[in-house]
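Here the structure is laid out as structure tokens; the discussion comes afterwards.
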Amino acid sequence: MPTLKPLDLILILTVTINLCSAELPSFREAPAFRNGRECPKTAWSALDKKIHNPSIIHIAMTLDTAYLRGSVAGVFSVIHHATCPENIVFHFITTHRRGAELTRAITSTFPYLNFHLYHFDTNLVKGKISSSIRRALDQPLNYARMYLADLLPAGVRRIIYFDSDLIVVDDVMKLWSINLGSHVLGAPEYCHANFTNYFTSKFWSNPIFTASIKGRSRKLCYFNTGVMVIDLWKWREGKYTEKLENWMRIQKRYRIYELGSLPPFLLVFAGDVEGMEHRWNQHGLGGDNLEGLCRALHPGPVSLLHWSGKGKPWLRIDSKKPCPLDSLWAPYDLFHHPALFSDS
């Protein structure tokens, strides 16, 4: 292994300091949204250990510096279209780095927002993450959705999980009210997708691996983990975090897939998901994971637009190369653009 020269060490240290000290983007303050007359007056406390109030909508999202602009737009879209915005509680998951600054950014942008912030210990996935086809998929926070049942208070029975690159254009209460039946997880399913493509030949050639997905009650279908409704009480009872971690360990040894945190969810839940209307995840608007080319909407009604894939609307807009559908995201962008000219 080559020895680093002093100049190289200084350069690495400088880059690291700049990444850690770079200013977070600033945002305009969002207007206050109030409940409609039909909304029940209610409140929620993290101290309520076993009290489930179905009138309170719980939404979990991750929060980091790279996707903060997308998260802010997502939150704004949710409360903008909600009939009962004051009955929504956001649960933000972040790493220890810059957590206080991220909290201030949310508080200043949404002074009336009911939210709680939880620190995700990246050591939980240390040594379990395998490299994937896109670097962003390898970030520890991308795996935090597996640990929601451990991070959130016991009184939160149900949670909606949202990625940070989407906007909601419908009343989120409709999504919250979906009946999960006996299932742990609900999500739009896409059964036309070739399920075998999500795993390598090392998976399909191993009878022990393939036996784990046989005998499911329904066809194994792809679903996108950027939009999920989860029964956290059933999740804890079934120890689903441990099941997901087990597949991560197998992946580390045998390389059975290429796509980050998605394949473990498919292996554990596919064929046992409460299907939802496709309108609740018009995904893939960010193109594929390699080029991120523009894409059109899927046929049918739309309640949620999701820029999964490499291309993100805020990056395309800033580069002056937006895709047509990025104009639907732009109205929810609260980013405070710096003045082009200054008197100073």
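What you see is a predicted model, and the numbers here were worked out from it, not measured in a lab.
- The aromatic rings of F269 and F223 lie perpendicular to each other, with more than 60° between the two planes, well past the 30° mark.
- For H306 and W329, the ring centers are positioned 6.0 Å apart or more.
- Remark: the N224 side chain and the H283 side chain contain no N/O donor-acceptor pair separated by less than 3.5 Å.
- In summary, the side chains of W204 and T210 do not present any donor paired with an acceptor at a separation below 3.5 Å, with no hydrogens or angles considered.
- The aromatic rings of F199 and F195 sit tilted relative to each other, their planes meeting at an angle between 30° and 60°.
- Here the side chains of Y332 and V78 are not in contact, with every heavy-atom distance at 4.5 Å or above.
- Contact check for L185 versus E274: no side-chain heavy atoms found under the 4.5 Å cut-off.
- Taking the charged nitrogens against the carboxylate oxygens, R218 and E189 do have a contact shorter than 4.0 Å, which makes a salt bridge.
- Between Y190 and H278, the distance separating the two ring centers is shorter than 6.0 angstrom.
- For an aromatic pair to be called close, the ring centres must be under 6.0 Å apart, and F92 with F90 satisfies this.
- In plain terms, the two heavy atoms of I230 and W235 that are nearest each other are CG2-CE3, 3.6 Å.
- Minimum heavy-atom separation, L266 to Y222: CD2-CA, 4.1 Å.
- Taking CH2 of W307 as the reference point, atom CG of L166 lies at 8.5 Å (rounded to 0.5 Å).
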Residue pair Y161, V227: steps toward the side chain to side chain contact (heavy atoms under 4.5 Å, CB included) verdict: CA-CA 6 Å; Y161 176 82; V227 178; over 6 Å; no
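- With values rounded to the nearest 0.5 angstrom, L285 atom CG is found 8.5 Å from L328 atom CG.
- At distances below 3.5 Å, at least one donor-acceptor pair connects side-chain atoms of H183 with backbone N or O atoms of L180.
- Of all heavy-atom pairs between R279 and D170, the closest is NH2-OD2, 4.0 Å.
- Applying ring-ring contact (aromatic ring centres under 6.0 Å, His included) to Y254 and the options F209, F203, W247 leaves one that passes, F209.
- Salt bridge status for R69 with D318: present, with a side-chain N to carboxylate O gap under 4.0 Å.
- Counting non-hydrogen atoms of neighbouring residues, nucleotides and ligands closer than 6.0 angstrom, the NZ atom of K321 reaches no more than 12 such neighbours.
- In terms of modelled atom types and a separation under 3.5 Å, the side chain of S77 and the main chain of V168 share a donor-acceptor contact.
- Residues L148 and Y118 fail the side-chain proximity criterion, which asks for heavy atoms closer than 4.5 Å.
- Of the charged side-chain nitrogens involved, at least one lies within less than 4.0 Å of a carboxylate oxygen, so that D163 and R145 count as a salt-bridged pair.
- In this structure a side-chain-to-backbone donor-acceptor pair under 3.5 Å is present from K128 to L124.
- Looking at P322 and P313, their side chains never come closer than 4.5 Å, going by heavy atoms from C-beta outward.
- Not a single donor-acceptor pair under 3.5 Å links the side chain of N35 to the backbone N or O of C39.
- Residues L304 and I167 are not in side-chain contact: their nearest non-hydrogen atoms beyond the backbone lie 4.5 Å or more apart.
- Checked by atom type and distance alone, the side chain of N123 never pairs as donor or acceptor with a backbone atom of K126 at under 3.5 Å.
- Proximity of L152 to I93: side-chain heavy atoms (C-beta onward) are separated by under 4.5 Å at one or more points.
- A salt bridge links E101 to R98: at least one charged side-chain nitrogen sits closer than 4.0 Å to a carboxylate oxygen.
- The distance between the ring centers of Y147 and Y143 does not fall below 6.0 angstrom.
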Report all side-chain donor-acceptor pairs from residues 54-64 shorter than 3.5 Å, counting only partners two or more places apart or in another chain.
from : atom 1 : to  : atom 2 : distance (Å)
H58  : ND1    : H91 : NE2    : 2.8
D64  : OD1    : Y67 : N      : 3.0

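- Side-chain atoms of F27 and P25, non-hydrogen and from C-beta on, do get closer than 4.5 Å to each other.
- Ion pairing of D165 with K312 is present here, as a side-chain N (NZ or NE/NH1/NH2) and a carboxylate O approach within less than 4.0 Å.
- By the 4.5 Å heavy-atom criterion applied to side chains, F265 and M146 are counted as neighbours.
- We find that R316 and D326 are joined by a salt bridge, their nearest charged nitrogen and carboxylate oxygen being less than 4.0 Å apart.
- Residue pairs that meet the salt bridge (charged side-chain N to carboxylate O under 4.0 Å, His left out) test with at least one member in residues 24-47, sequence neighbours left out, are R34-E86.
- The backbone N or O of K234 sits less than 3.5 Å from a side-chain atom of D231, completing a donor-acceptor pair.
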